[in-house]
Structures are given as C-alpha cells and as structure tokens.
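Note sheet for the following structure.
Letters go in sequence order (proteins before strands), and every chain restarts at 1. The structure presented is a predicted model; accordingly, all values stated were derived computationally and were not measured.
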Number of protein chains: 2
Amino acid sequence: MSKSNNVYKDAYNRGLRLLDETQSLPSEPELGTLLGVSRTTVRTILARMEETGLIAWNKRSKTVLRAPKPDDFFPEEETDTLAQIIERSFMRRLLAGGAEAGMQINELELAREIGVGTTSVREFLIRFSRFGLIEKRRNSHWVLKGFTRAFALELTEIREMFEIRSAAAFAALPQDSPVWADLDRLEDEHRLLASEIATRFNEFSELDERFHRLIHRASHNRFIVDFYDVIAMIFHYHYQWNKAQERERNEVAVGEHLAYIAALKSRDLGKVDAACRKHLKSARNTLLTSIPEIGRIAS
Amino acid sequence: MSKSNNVYKDAYNRGLRLLDETQSLPSEPELGTLLGVSRTTVRTILARMEETGLIAWNKRSKTVLRAPKPDDFFPEEETDTLAQIIERSFMRRLLAGGAEAGMQINELELAREIGVGTTSVREFLIRFSRFGLIEKRRNSHWVLKGFTRAFALELTEIREMFEIRSAAAFAALPQDSPVWADLDRLEDEHRLLASEIATRFNEFSELDERFHRLIHRASHNRFIVDFYDVIAMIFHYHYQWNKAQERERNEVAVGEHLAYIAALKSRDLGKVDAACRKHLKSARNTLLTSIPEIGRIAS
DNA sequence: CAAATGTTTTTTCCCGATAAAAGACATTAT
DNA sequence: ATAATGTCTTTTATCGGGAAAAAACATTTG
C-alpha cells in the first residue's frame, strides 16, 4: 500500500471549488501554487476532472463544462494526512479517560489499533514528544506523563513569559510595520464576532489562535513562535472536550482581546502588560478548571 | 542487517570495567540495573565473558578468572547509537562550511552518504528539528536555516529568560532541599578544576552542563528543563569547533560559576540575578564571537 | 517463598522496497 | 524567447519484515 494519495484527494476537492468561479482554469504551474501542490499532482487532478466530465482539457485550454456535484468530492476522511489520523486517534485515547500518568505507550499496539505501520507511529511519537506529555525510555517504550494540573501550570508559565515579552515587542514596533494593519483586521473580526456571539461563539477558537500567533511573531524569536504550536495543540483539544460554558467563556475572551488590542494600539507598555496579563490569567483558569484532579485546591 | 547490537557492545565494555573491582559478579537483574540494560542483554554479555575466559559462569556463580585486556573491549565506534552516528555526520557537514541558510536537505542523499536507512535519517531530522536549525516543507525537503547570528541571539534570549527564572527559584528552595548538597559538590569540583585549570581546562564543558542543568531543574518546569537540551547541543558542538582561547574562556567561566554559586548560597535574590546575568552575558559573547558573519557590527 | 535463573513472547529499531508526490529536463506553443 | 505542456527522474511517505533488546512467564535454587 505504501502511501495514500490524500494530497491529491485534498487538492482535488479544493480544486473543485475553483470550478464554481470561472469558465476556464489557469495554467498548470499556476494551479500548483494555488493548491499548494506540485504539477504532477495538478495533472492527476486535471486528468480526473476530464474523466468525470467536469472540464474539457486540451493542452492549454481547460474549459469548465459543469459545476461540481456533492458526490464529485472525495470523502473528507480520505483527505487526511496519516499524521492527522494518528494524532486524532492518539488524543482520543488520551482524553477518553483511563490515561493515567506513568502508563506506558506501545508503538506496535497503537499501530495495530489505528491500522498503520509502526514507522508512522514512531515518527508521530517523536514529533509529539515536544509537547511534553510523553517521554521516551531509551531502547524501550514511551511513558505517558499525563495531562495533569502540573502540566497545565508549566505550560501556562512559559506561555505567559513568552507572550508578555512578545506583546511588549509588538507595541514597540514602528508605525509603518504591516502588523498594525493585521491587528486592525483582527480587531474588526473580533467586533463582528462579538456582535454575533450568540450564534458564532464556536468560531472564537480559530480567531484566538490567529490573534495570539500574530503577537508571538513580534518576538522575532523562532523558539517563542514555535512554542505556540504546543499551546495551540493543547487548547485545540481542550476546546473539543470541554464545552462547559463555552459561550460565556468565549464572550469574555473576545472582550479581553479587544481590550488587549486597544492597549497594543495605545503603545503604552504599562497598559499592554496589564491587558495581556489579565487575559492570560483567565485563559489559564479556563484550562485549569477543565482538568479535574483529586485533592485539588481551589484557586 | 536491520539492527546493530551496539547496546550489547556498549554494555559489554562497561561490564568489563566491573571485573577489575570484584572477584564475582552480582545477579543478572542487578547487573541489568547497573548497566542499564535488560536481562536478555546481560545474559548475552555473560555468555561472551565466559567464552573469552573472563569469567566462569554457572547459574548464580560468576567468578572472575582474569582481568580484561585492551583487546577484550569492542571498538568504540561500534558502541555508538545510530542516532549519534547520524548526528555527528550531520553536524560535521553543517559546520564544515558550505552550509548556507536556505540550502535544502535531502534525506535520501544523507542516508546514502552516512550509509544508513532513510527511516533513521527521517527520525533524526524530526528530533533535530526542535533545535530550530532546520524546517520541513510539507511533502517535500527540509530547509537549513543556518547557524547564524540571529539563531544564536534567539537561543540566548530564551536561555537568559529561563535561567534567570530558574536561578531565582533555586535560591528560594528550602534549606533542607537536596540541591544544596549537589551545589556544594559542584562547588568543590569547580575549585578543584580552577586550581588545575592549566591542564584540565577541557573538562570544563562537562562540568558546565551539569551545573546549568542543576539550576534549570529548580524551575520544576519540563519546558525549561527540556530546553537545556537545545543549549547543550549547540554549546557542545560550539566547543568542538571553536578552540580559540579555550583555556582563558574556561578559566573566566569557572570564576563566574563560583561567584554565581556564592550568590545562590547567599540566597540574596539581587545577588543571584546579578551573578547569573553576568555569566550568561559572557556565555553569549563567547558563542557570538564564534559565528563569523559578513557585515557584522562589533558588540 | 522470594529471588534468581532458564525459556518464550513481544516490542523496538532499522532496513529495503514501492506508490505518491515533487522536481528536473525536453519539447512545444504563443 | 518565454511560459506552458509533456516526459522522465528523484525524493518522500509508508509498509512489512527481521534481528536486537526488552519484557513476560516458567522453573529452579537457597
């Protein structure tokens, strides 16, 4: 079997959406950049589009013959990367209870259960190890360190150090830096979301990530920027399993973001620091309350 | 070929050193913990020791017959992990000039050149990526980011944040914490090294790492502790290729460490902060001067 | 009967092979 | 002559297999 053609399938699906917009497709290299794949894959896509009667393809002319129907698309689950499949599977097991700290992780068993080769599982675990949730015993198994309160505290400690520093760097950026325009755009999106929070509260998570990444990027430090991957990953799954008071939480967070944005725009370092800390504190609390731990002291 | 028996060979060599000390070896499980390998490997080792007439082995009795000779040992290069071999090879290419930023890294070529399978190279690159020196293009090659001045500055920025915080946490540790004894021991080793610096200056690097790791551990934050791996790795190779004024540099550093240790023992946060910053500043300068970059402004 | 040894099973580590995807080179069209 | 298409080559992603090492189970020994 060796390799699934999910890159092709995913690009094909995205390619189908282009058909709605034009009567004829652009050149192969252009399509390649548009879809983020090589020409080889573009040609495979075009070949199938021709086969299913979506386009007439002759050299440079790629005329759209009909609009795509729902069943022209490949099923979503066939467009996932193996890495995504393994990650989801792994996180489900991790969060579906019974995943106590100290538990050992078995590559072979995981691979069999997910139905993939051991190599992919190994690679996943190596990549995943940087999240600080698992640890390798040399020549032996991995050990689960557990999604504990300690983990959340260690994670947020770093996050706070990094973000406070990034926010300060952000505020110190010159007026002509393009980030200010990005910030304006994000502010608009926040206002829009705030006004429709009742129905769109679940879109906050994605906006949240974009906002914080913008700030972290101002640090111009790859380690800080990269660390946001850890945060994003944890919060991503956190949002998935802890839906309690999601609307209220997000509403509060949007408000905090707007205050934070205003502080940044004021370029007053004191205000920035205060707004940033306030938001990070409530983000930390949200995360902490989602981790039930025996004998935990209320904060 | 599939898997080399370097674990066995390395443990065997270490096992040989035990023969000098006693007339009879302990039980198999005990040897296992001692050498950090499983009983299976212990038994393979014992079998060979018996074969080469080093011991007489009968069930529980493992009598030493003779002292090991130099050629009883396996050659050093056969005791390395594949990961170590790849790392060394990779770093050599990286530092042996001609490794400019933006250059692309070819898994297959690397594997062929080192004489290993692609899987091992892939796994190495994934693990190595956390050092911030390479980056993956999805479904494509890795890109070298280069050991640049910017890299060194980003690295040291984080190091300074983390270590200053760790040092403060260290100083705040209760008197009965075992770390104070560890610190005393390290202090003695520093004094000893200082007195024999003329001949033993090259032993500093190892002492340096132990000292800083002890401090970082006081943070009780896995991300801080783990980050020291990045620093250690960079400094390790840095020491290998930049021998200019090594003795002087190390002599200065030992002095700074002693002042730093004294500050920690005083438990005066102001002093700790000052000593820590002073040392980190000179460590940064040492690193920076080793990175020749065109158009660089003298600091 | 607890701890060691003896034996068997399972897992990790690593390679080679293969399809998907990318990339390079050759040819053609505007 | 530039940019596209057509074709061929190389590289990446992934699997299955096999030896090394670990771990589990069974038996013996003090």
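- In this structure, A/Ile85 places its CD1 atom 12 Å from C1' of D/dT14, rounding to the nearest Å.
- For the pair A/Arg138 and B/Arg137, both in contact range of DNA chain D, the more 5′-proximal nearest nucleotide belongs to B/Arg137.
- Taking only side-chain atoms of A/Thr119, from C-beta outward, the nucleotide of D/dA4, D/dG16, C/dA17 with the closest atom is D/dG16.
- Both B/Leu108 and B/Tyr8 lie close to DNA chain D; mapped to their nearest nucleotides by heavy-atom distance, the more 5′-ward contact belongs to B/Leu108.
- With rounding to whole Å, A/Glu28 atom CD is found 17 Å from C/dA24 atom P.
- The neighbour count for B/Glu77 CD, taken as heavy atoms of other residues, nucleotides or ligands under 6.0 Å away, is above 12.
- One can place CG of A/Leu110 at 15 Å from C1' of C/dT10, the figure rounded to the nearest angstrom.
- Ion pairing of B/Lys145 with B/Glu154 is absent here, as no side-chain N (NZ or NE/NH1/NH2) approaches a carboxylate O to less than 4.0 Å.
- With respect to A/Asp229 and A/Arg213, a salt bridge is recorded, a charged nitrogen being found less than 4.0 Å from a carboxylate O.
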So if I define the base as every atom that isn't primed, P, OP1 or OP2, how would nucleotides 24-30 of chain D read as a B/S/- string at a heavy-atom cutoff under 4.0 Å? B----B-
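- Among the atoms of the strands shown, none is found under 4.0 Å from any heavy atom of B/Thr44.
- Remark: A/Arg159 qualifies as a cation-pi partner of A/Phe235 under the 6.0 Å distance and 45° angle criteria applied to the six-membered ring.
- Ion pairing of B/Arg222 with A/Glu135 is absent here, as no side-chain N (NZ or NE/NH1/NH2) approaches a carboxylate O to less than 4.0 Å.
- Under the 6.0 Å cut-off for aromatic ring centres, A/Tyr237 and A/Phe147 do not qualify, their centroids lying 6.0 Å or more apart.
- Note on the helix from C/dC1-D/dG30 to C/dT30-D/dA1: terminal axis deviation equals 30°, with five pairs used at each end and the result rounded to 10°.
- For B/Ser2, counting side-chain heavy atoms from C-beta on, the closest listed nucleotide (D/dA19, D/dT5, C/dT11) is D/dA19.
- Rounding to the nearest 0.5 angstrom, the gap separating the CE atom in A/Met233 from the CD atom in A/Glu87 is 4.5 Å.
- Looking at B/Asp182 and B/Arg217, no side-chain N of the basic residue comes within less than 4.0 Å of a carboxylate O on the acidic one, giving no salt bridge.
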